[in-house]
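Taking it in order: structure first as structure tokens, then the write-up.
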Amino acid sequence: RKDERGTGLGLAICKKIVQQYLGDIRLESTIGSGTTFEVLLPRHEESGAITSVLVDELVPLAGNERILLVEDQDGLRDVLVSFLDRLGYRATGASTALAAMETFVAEDGNIDMLVADVELSDSNGPELARQVLRRWPGVRVLFVSGASLPEQHQLGSSAEKGAAFLPKPFTARQLARQVRLLIDGSETVLT
């Protein structure tokens, strides 16, 4: 019916989804002419390249450390690994906790940071972090999740000292900043 109006909730949901994939939404509205929405997403080619403009803005947050990113959503994992690579990090992706542990073993623990989704198909991020930190205690840990961190996974145990939590969706800048803070030794947990 003509007199019904939307709540705007759909746009908020769309914005969160687009931001989860490191994108943005722009709009242009003209009275009497309507509104145009433009959805901007990182370019994804076979190499997984992200536009250099975004990366150039974040150069002060760049590094060369080794990062293992554990995310079971293939597209999101590929975009995030590519983004971290473009910032100079040596990033590798894994889709499961088992694959992540195999990577740690193959690299003999020569990984500086673990970025892990809280909920994985075969385990969970905090359990994976505990296993990693028992063998390689110097690894920094960043948990990410689309929901708040469940109580049973709260940070603060001695095994997870120096870990942080970044809620999804997050921007490229938020990810780059949190990674750099943790690697540089900040133990501040940012949400």
Side-chain angles (χ1 to χ4, degrees), residues 6-29 35-45 48-63 67-87 89 91-97 100 113-126 128-129 140-155 160 163-183 186 188-191:
T7 62
L9 186 58
L11 181 57
I13 291 170
C14 288
K15 183 176 181 181
K16 284 187 179 224
I17 291 169
V18 169
Q19 286 178 333
Q20 179 176 354
Y21 290 94
L22 305 176
D24 197 13
I25 297 179
R26 293 184 186 161
L27 69 95
E28 184 178 305
S29 186
T35 303
T36 302
F37 292 90
E38 185 178 13
V39 176
L40 305 169
L41 295 170
R43 182 176 34 195
H44 181 74
E45 299 170 358
I50 294 178
T51 58
S52 61
V53 174
L54 175 64
V55 174
D56 289 345
E57 292 175 9
L58 302 175
V59 166
L61 301 173
I67 298 174
L68 177 61
L69 188 133
V70 189
E71 167 63 58
D72 50 15
Q73 293 181 38
D74 295 340
L76 180 57
R77 183 182 60 251
D78 293 346
V79 167
L80 294 176
V81 165
S82 176
F83 170 69
L84 291 169
D85 278 342
R86 293 291 303 272
L87 284 177
Y89 294 105
T92 304
S95 60
T96 64
M113 183 172 206
L114 170 67
V115 178
D117 198 339
V118 171
E119 296 299 327
L120 299 169
S121 60
D122 64 340
S123 184
N124 62 66
L128 170 61
R140 293 293 183 172
V141 178
L142 175 61
F143 297 116
V144 297
S145 178
S148 60
L149 193 60
E151 188 174 317
Q152 71 268 27
H153 299 319
Q154 289 298 316
L155 307 179
E160 293 165 1
F165 175 70
L166 184 63
K168 293 178 183 176
F170 48 80
T171 66
R173 181 174 301 283
Q174 288 169 322
L175 175 63
R177 182 173 181 267
Q178 186 63 80
V179 165
R180 192 71 255 155
L181 282 171
L182 282 169
I183 288 176
S186 169
T188 302
V189 176
L190 301 178
T191 56

Requested in this report: Return the set of residues passing side chain to side chain contact (heavy atoms under 4.5 Å, CB included) with A100 (not counting sequence neighbours), or none when no residue passes.
Outcome: L68, V70, A94, L128
Query - Test side-chain hydrogen bond (donor to acceptor under 3.5 Å, both in side chains) applied to T35 - qualifying residues, sequence neighbours left out - result: S29
**Report entry** Closest non-hydrogen atom pair, L182 against V141
**Finding:** CD1-O, 3.5 Å
Query raised in the report: What distance do L69 atom CG and F83 atom CZ have between them, rounded to the nearest 0.5 Å?
Result: 11.5 Å
Query - Check: L114 and R140 side chains under 4.5 Å, non-hydrogen atoms - result: no
**Report entry** Interatomic distance, K168 atom NZ to L175 atom CG [nearest 0.5 angstrom]
**Finding:** 11.0 Å
**Report entry** Pairing residues for T96 by the side chain to side chain contact (heavy atoms under 4.5 Å, CB included) criterion, not counting sequence neighbours
**Finding:** L98, A99, S121, D122
Query raised in the report: Who passes side-chain hydrogen bond (donor to acceptor under 3.5 Å, both in side chains) against S123, sequence neighbours left out?
Result: none
Report task. Tell me, with the steps shown, if L166 and L142 meet side chain to side chain contact (heavy atoms under 4.5 Å, CB included). Result -> CA-CA 7 Å; L166 184 63; L142 175 61; 4.0 Å; yes
Query - E38 and L27, any side-chain heavy atoms less than 4.5 Å apart - result: no
Query raised in the report: Taking 4.0 angstrom as the limit, do R77 and D72 come out as a salt bridge?
Result: no
Report summary line: Minimal heavy-atom distance between F165 and S145, with the atoms involved, is CE1-CB, 3.7 Å
Report summary line: Heavy-atom closest pair (P126 atom, F143 atom, distance to 0.1 Å) is N-CE2, 3.3 Å
Requested in this report: Among D85, D78, L84, find the residue that satisfies the side chain to side chain contact (heavy atoms under 4.5 Å, CB included) test when tested with V81.
Outcome: D85
Report summary line: When V115, V79, D117 are each screened for side chain to side chain contact (heavy atoms under 4.5 Å, CB included) with E71, the one that passes is D117
Query - Smallest separation among heavy atoms of R180 and L61, with atom names - result: CD-O, 3.7 Å
